[in-house]
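Computed from heavy atoms alone, side chains included, the values below leave out hydrogens, waters and symmetry copies.
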Amino acid sequence: TWTGPTLMLVCDQPRLCVEHLHSLLDAGDANSDRDIASAYAETLGIPALVRASTLALASTLQGDSGLRRLWQSPDAAVVGIDAPELAFDIDTPADLADAIDGGWVDTQ
């Protein structure tokens with residue numbers, strides 16, 4: 001059974017950069033008793049460095065709010081790392097066109 005933190009990512013955030021992932025990992029080193037989430041669009045989300053206890057709780061969630069529901073609790077142990085660029089994700093063909101126009105997606 002894995003007891004360490006897990007770095008969770010999604011594939012629809014074309015503006016995610018490796019430096020932000022390093023920021024999450026560095027914050028995790030300094031806050032081992034907390035989840036480390038990305039902060040954007042006035043919420044906390046992924047990518048995130050999630051403790052094993054949070055991951056176990058997440059398996060009981062339903063719907064698409066996921067970890068956000070856990071992090072909204074008043075007793076949530078979470079630190080947010082600013083990443084406003086991650087508010088842009090690809091959900092529609094228009095989003096994909098915008099990502100291509102922005103140079104964030106390689107069409108090759």
Side-chain angles (χ1 to χ4, degrees):
T1 302
W2 177 252
T3 59
T6 299
L7 183 60
M8 298 180 71
L9 296 96
V10 292
C11 62
D12 67 346
Q13 293 173 312
R15 296 187 66 196
L16 174 63
C17 64
V18 70
E19 291 82 12
H20 180 66
L21 297 177
H22 285 287
S23 295
L24 294 171
L25 294 171
D26 292 344
D29 289 342
N31 298 280
S32 62
D33 60 336
R34 298 182 175 274
D35 294 331
I36 311 299
S38 298
Y40 50 87
E42 300 182 25
T43 192
L44 297 173
I46 49 180
L49 186 63
V50 181
R51 295 169 297 140
S53 59
T54 301
L55 202 53
L57 286 173
S59 69
T60 66
L61 297 172
Q62 304 255 336
D64 67 355
S65 65
L67 294 170
R68 288 181 185 156
R69 184 176 305 149
L70 295 177
W71 292 330
Q72 290 172 347
S73 167
D75 59 339
V78 60
V79 171
I81 303 296
D82 286 336
E85 68 279 4
L86 297 182
F88 178 83
D89 63 1
I90 299 174
D91 294 323
T92 67
D95 293 340
L96 178 57
D98 288 344
I100 292 169
D101 289 344
W104 305 314
V105 172
D106 184 357
T107 60
Q108 299 301 319

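The salt bridge (Lys or Arg N to Asp or Glu O under 4.0 Å) pairs that include a residue from residues 46-61 are Asp35-Arg51, where partners are two or more places apart or lie in different chains. Screening residues 87-108 for ring pair (Phe, Tyr, Trp, His ring centres under 6.0 Å), with sequence neighbours left out, gives Phe88-Trp104.
At distances below 3.5 Å, not a single donor-acceptor pair connects side-chain atoms of Ser73 with backbone N or O atoms of Leu70. Using modelled atom types, no side-chain atom of Asp26 and backbone atom of Ser23 make a donor-acceptor pair closer than 3.5 Å.
Atom-to-atom distance recorded for Leu67:CG and Thr54:OG1 is 7.5 Å, nearest 0.5 angstrom. In this structure, Leu24 CG and Glu19 CD are separated by 12.0 Å, a value rounded to the nearest 0.5 Å. Rounding to the nearest 0.5 Å gives a distance of 11.0 Å between CD1 of Ile100 and CG of Asp95.
Proximity of Gln13 to Pro47: side-chain heavy atoms (C-beta onward) are separated by under 4.5 Å at one or more points. Residues Leu21 and Leu9 form a side-chain contact, since some pair of their non-hydrogen atoms from C-beta on lies under 4.5 Å apart. Between Val105 and Ile90 the shortest side-chain heavy-atom distance falls below 4.5 Å.
Legend: residues meeting salt bridge (charged side-chain N to carboxylate O under 4.0 Å, His left out) with Arg34, ordered by chain and number and at least two apart, are absent.
Among all heavy-atom pairs drawn from Gly80 and Leu44, the shortest one is CA-CD2, 3.8 Å.
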Please lay out, stage by stage, how Leu86 and Ile46 fare under the test side chain to side chain contact (heavy atoms under 4.5 Å, CB included). CA-CA 9 Å; Leu86 297 182; Ile46 49 180; over 6 Å; no
